[in-house]
Amino acid sequence: MIRKWLKKVPTILTKSGWMLVLMTFLTGTAAYQSSNNVLLLALSFFMSAVIINGLVSWQNFIKLAWKPFDHSKFRAKEEGSLRATIINNKKMVQALGLQVVFSVKHKGHTEPDHLPSDIFGVPRLGEKLITVEWTPARRGLYEIQLERIDSLYPFGFIGKSYFIREKKKVVVWPELLNQSQLPEASRSLGDQLHQTQDRRFISSFDQHDLREYRPGDSIRHIHWKKTAQQRNPVVRQPIPGQQPGMKIVFDFQSAHFSNLTELDRFCSEIATWVNHHFTRDRGFMIALHNGEPIQLLTESDFETVMDQLAVIETQFDALAANWIDHGFRVVKPDWNLSTATLLNPTT
Amino acid sequence: MRDEDKLYLRYYLSQICLFIGLLGLKWEGLMFTTLGDILLIFVALTLVYPPLAGIIPRKHFPIFTTIMISVVILDFAINWRNLLEPLLRMVFWVIGYRTVFYRTSRESQQVILLALFLIMFTGVVSISISYALELLIFTPLAMLHLFTVTVLKPKNIQILSNSVWKRFRSFQFIKSCLGNLDWRTSGLFLTLYVSLVVITAVTFMALPRMQVRNIFPSLQFPGTAKSGFSENFELGDVNSIILDDSVAFRVNVENRNALPAIPYWRMLVMDHYEDGAFTHLNRYANRINNPTLFTAWHHMMPISIPRVTRENESDWTYYMEGSVSRYLPVAGNFRTLELNALHSLTVDNVLGTLKIRTTPSKLLTYKTYRSIAAPPFNNRAFDAVIRELDFQHLLPEDSSKIDQLNYPQSTLSLVLSEEDLNYLNELVGEIKSQQTLSSPAAFSEAILRYLSDHHDYSLNTGNSSRSSSRDPVVSWLRSKSDGHCEYFAAGYLLLARAGGLPCRVVTGFAGGDWSGGSTTFTVRNRHAHAWCEYFHPEFGWQAIDPTPPDRLSWLEEEFADADFALQSRWLGFFDNIKVLYYQSVINFDADSQFDFFRDAGTQSSTLFRKLQKWFSGGEEEDNSTITTGKNNQKVMLGVIVILGIAGLILAIWSTMRYIGNSTNRKSAKTQRVRNRARKLLRQPRKGVALPKNLNDALLKISYDRQSRWPEPNQVFKEISNFK
């Protein structure tokens with residue numbers, strides 16, 4: 001049990017603590033060598049400082065609790081926030097000198113980055129919301145962990161940590177670029193969108209298939225009538241090629257990318273393009289490589305596209321040929337529209 | 001609190017700590033260099049006006065560092081024989097280095113550490129109570145500093161920027177500090193401080209006392225002895241000490257009756273006099289094995305001393321302040337002497353003096369076991385002894401051969417001009433002619449009578465101007481003017497020697513005061529005194545005080561103004577505290593520790609037995625005085641008191657619990673249910689998600705009000721089924 005507790009609440013000496021231990025040792029040696037009571041008094045002083053520090057540090061962590069943390073939406077190179085609520089259930093005294101530490105780890109990385117909060121205190125029988133700002137470096141799937149609560153309280157000789165290790169998987173959307181950073185071709189493609197119908201006036205799923213509900217589907221896509229009839233949730237799914245507006249498929253074949261930066265750049269360009277035209281209420285449908293096409297009508301659709309852009313990797317298989325049959329324009333990383341590069345036409 | 005104020009607070013706390021450290025050093029006279037004084041003034045100025053701390057831009061760090069390291073290395077190289085002073089100077093340099101630039105948090109902590117070093121240095125070198133006081137003041141400041149480092153961390157501030165410091169406004173800063181003062185935090189901090197002090201005291205008492213080996217040299221700076229308490233001094237040197245009212249030493253005696261009303265504390269014997277100057281001639285002392293005045297030896301290591309004492313004998317502990325003398329004052333005979341620290345002690349059996357190698361600069365503690373005070377001087381004590389006294393024939397005609405004489409005949413020497421010698425002989429003839437002198441004591445008494453008849457006591461002697469041709473004491477004898485103790489002692493010495501009576505002058509202290517109702521006797525420098533000893537052929541050296549008895553009343557009148565009385569009262573109070581400190585801290589050795597715990601054990605067992613007896617109705621007590629009814633009443637009263645106390649504790653506990661529950665926590669049971677729900681929420685399930693309804697139920701139990709909970713047991717059961 002003690003081992004378990006120690007694993008949960010490790011205590012380490014800080015630099016100041018090591019200095020104090022060293023001073024205690026030296027003073028003790030000198031005191032006993034010389035039988036000098038002045039030095040023995042100093043030795044007692046140092047020892048009691050260590051004792052008091054340990055006791056108060058231990059007391060500081062008693063009856064501390066926390067709520068599951070939440071967070072804002074994250075986009076690469078943009079500041080987002082992680083929020084944790086710490087509760088102090090002590091009746092008499094406040095908890096002081098606390099610091100929440102989050103750790104964030106990209107899916108492709110092995111070592112996490114640590115994000116400490118500011119030092120804070122929690123009043124007795126109270127709680128405190130702690131916000132930690134974080135700016136992700138790149139898009140992708142991250143594992144965020146509310147790792148621990150640290151404290152150097154009261155004198156900084158002992159660093160004490162209470163490990164929480166509450167994990168969440170978070171998607172970081174691609175970075176938004178300036179319009180000027182987008183390739184010329186993307187702008188000309190955007191210009192064509194101005195002639196399309198406003199997304200607000202497109203009835204969603206004018207032409208649609210029905211399929212069974214799958215976790216992650218938007219509640220707005222549920223076909224309530226069919227659901228009631230079948231006593232199982234049924235959602236509507238747009239039929240590719242039968243929706244109004246421009247249709248684009250983005251080619252993520254690995255042959256087009258020499259490194260991850262190029263892939264990220266392409267994702268950012270797509271995200272910027274999509275964001276730009278979606279906020280201007282242009283109606284269009286996009287698909288990422290051979291993924292499911294999405295008609296961007298609602299915020300939810302937009303978020304789905306961004307989520308897909310956040311995690312998409314380069315694809316080994318070639319783009320399916322039937323995209324063109326369905327009226328999709330194929331966009332390669334250089335944003336040149338092409339229909340001749342389909343290597344593996346599918347039925 | 002604003003970020004700037006957090007920064008200022010941290011800076012101020014470290015700077016005050018530093019100031020205390022430097023001030024303590026200055027107070028104890030351990031600065032040794034003007035660098036320390038300059039630093040003290042600079043630190044004081046930065047406390048008044050903090051922007052001074054950034055007087056040198058940080059970019060000049062490398063230049064300053066190079067200069068500092070060079071100077072320090074040079075200092076150590078030059079003074080490598082005595083490393084303590086260069087060490088202190090090095091610390092001064094580092095403090096200066098840290099004081100003329102703005103400091104980061106870590107640098108501030110270094111300053112605290114340096115201040116602690118200064119305080120410890122002061123304590124070790126001076127063994128003064130100021131060490132304990134400094135530590136008591138330093139502790140909360142340092143604690144608060146560390147507290148601010150761990151709790152109040154400035155967020156968005158460029159600490160080392162000059163602009164931050166230029167914005168400093170003391171009023172605004174104080175207002176901000178007071179505005180953020182929270183009674184709960186203050187109470188917590190106060191509790192921490194008191195706990196620290198208590199734990200320090202307990203640890204200090206409990207630490208095992210043992211001496212491993214004395215391999216570290218004693219941290220000792222040589223002090224300077226008072227002019228009247230060194231081997232050579234001139235007329236008036238002892239008198240100058242009288243004007244100093246500071247404490248010379250304290251003696252803790254077990255029994256107040258052990259000391260006479262005016263004890264004479266013998267320190268130094270001057271056996272040679274020439275032209276107004278007294279000299280201590282060691283070379284005589286080694287020639288003769290005279291009967292010892294006392295037996296004394298010292299111990300390097302504390303040893304067990306047999307505690308059997310005869311009647312009137314007791315153990316005395318002396319606490320001699322630094323820079324008084326290297327001769328130890330003692331007021332009589334004793335069996336064993338024990339020095340508290342490692343010192344080289346020389347015992348002169350001929351002169352009856354005890355001296356250590358150098359004058360200590362700090363407190364010197366020693367203990368005399370089975371001590372007994374010398375009886376009060378009775379100048380008529382030996383009237384009954386009839387014996388012819390004539391040492392004159394032993395003196396050589398050539399005064400330069402006096403050194404070849406044996407002791408105590410050598411103390412008959414008179415180094416005077418012929419004219420003065422003739423005058424002295426006339427005077428002795430006059431004294432002798434007035435009565436029949438059949439014994440040394442009678443002759444001694446006649447000299448005393450002559451001196452008191454012709455001279456009065458005064459600190460301001462009218463014979464201050466010295467003639468080059470005449471001896472000042474002979475001139476004083478001629479003038480019939482007033483004089484202080486040295487004149488009387490020297491006058492007696494000359495007359496006695498001229499009359500053939502071996503004589504020597506003794507310096508030390510006469511008198512002292514009891515500190516309040518304690519058993520501590522305090523002797524101040526104003527009690528400095530000089531008297532004489534003459535040699536009696538049958539009884540050896542006999543002490544005699546030629547100064548008229550009105551000396552004490554004269555001194556009392558001199559120091560009797562109201563301010564002095566008030567000062568004395570306060571001084572007495574502080575003296576008692578000092579003695580307590582010396583007894584409980586400085587001299588707390590293995591024996592004291594053993595006694596302390598033994599006494600504590602005895603006291604607690606006695607108390608327990610008393611309580612036991614009291615509650616059992618006092619059966620073992622005298623039944624004739626306590627009736628059974630009274631006993632029963634006592635028992636009942638005891639039971640009621642205990643029940644009352646228990647009830648009070650229960651009431652306080654319930655109230656506290658009620659206050660605690662009044663917010664959102666009903667009971668420990670509720671908390672347990674919450675904890676279980678939270679644990680289930682965190683529990684990994686190997687990729688299988690908990691159904692949403694159960695998940696929501698758990699969230700509600702964990703964080704929502706109890707009134708909105710679903711049935712917890714039901715939820716827990718469903719979850720266990722789900723597994």
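In the text below, chain A, chain B and the rest are named by the order of the sequence lines, each starting its count at 1.
Looking at A:Leu41, the atoms closer than 4.5 Å to chain B (heavy atoms on both sides) sit in the backbone and in the side chain alike. For chain A, the nearby part of B:Leu116 is the side chain; its heavy atoms alone come within less than 4.5 Å. Using a 4.5 Å cut-off between heavy atoms, A:Ile52 contacts chain B through its side chain alone, with no backbone atom that close. Only the side chain of B:Tyr703 has a heavy atom closer than 4.5 Å to any heavy atom of chain A. Residue B:Ile119: no heavy atom, backbone or side chain, is found under 4.5 Å from chain A. Heavy atoms closer than 4.5 Å to chain B are found in the side chain of A:Lys15, but not in its backbone. With a 4.5 angstrom heavy-atom cutoff, B:Leu188 touches chain A only via side-chain atoms.
Note that the CG atom of B:Leu681 and the CD atom of A:Glu166 stand 9.0 Å from one another [nearest 0.5 Å]. Expressed to the nearest 0.5 Å, how far CG of A:Leu43 lies from CE of B:Met120 amounts to 9.0 Å.
For A:Lys67, the salt bridge (Lys or Arg N to Asp or Glu O under 4.0 Å) partners two or more places apart in sequence, or in a different chain, are A:Glu127.
Among B:Leu196, B:Thr200, B:Ile199, the one residue that satisfies the side-chain contact (heavy atoms from CB on, under 4.5 Å) test with A:Ile51 is B:Ile199. When each of B:Thr122, B:Val585, B:Leu135, B:Val124 is paired with A:Val38, the side-chain contact (heavy atoms from CB on, under 4.5 Å) condition holds for B:Val124 and for no other.
Aromatic ring centres of B:Phe204 and A:Phe45: separated by at least 6.0 Å.
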For residues 16-27 of chain A, please give each side-chain donor-acceptor pair under 3.5 Å, one per line with the distance, not counting sequence neighbours.
| residue | atom | partner | partner atom | Å |
| --- | --- | --- | --- | --- |
| A:Ser16 | OG | B:Gln109 | OE1 | 3.1 |
| A:Thr24 | OG1 | A:Leu20 | O | 2.6 |
| A:Thr27 | OG1 | A:Met23 | O | 2.6 |

Name every donor-acceptor pair, under 3.5 Å, that has one atom in a side chain of residues 105-113 of chain A and the other anywhere in the protein, sequence neighbours excluded.
| residue | atom | partner | partner atom | Å |
| --- | --- | --- | --- | --- |
| A:His106 | ND1 | A:Gly108 | N | 3.1 |
| A:His106 | NE2 | A:Arg139 | O | 3.0 |

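With contacts defined as side-chain heavy-atom distances shorter than 4.5 Å, the pair A:Phe157/B:Leu146 qualifies. Proximity of B:Pro208 to A:Tyr32: side-chain heavy atoms (C-beta onward) are separated by under 4.5 Å at one or more points.
Residues from residues 141-152 of chain A that place a non-hydrogen atom less than 4.5 Å from a non-hydrogen atom of chain B comprise A:Leu152, given in numerical order.
In terms of non-hydrogen atom pairs under 4.5 Å with chain A, the most contact-rich of B:Arg106, B:Met143, B:Arg678, B:His145 is B:Met143. By number of non-hydrogen pairs under 4.5 angstrom with chain B, the leading residue of A:Ala42, A:Pro154, A:Gly156, A:Gly28 is A:Pro154.
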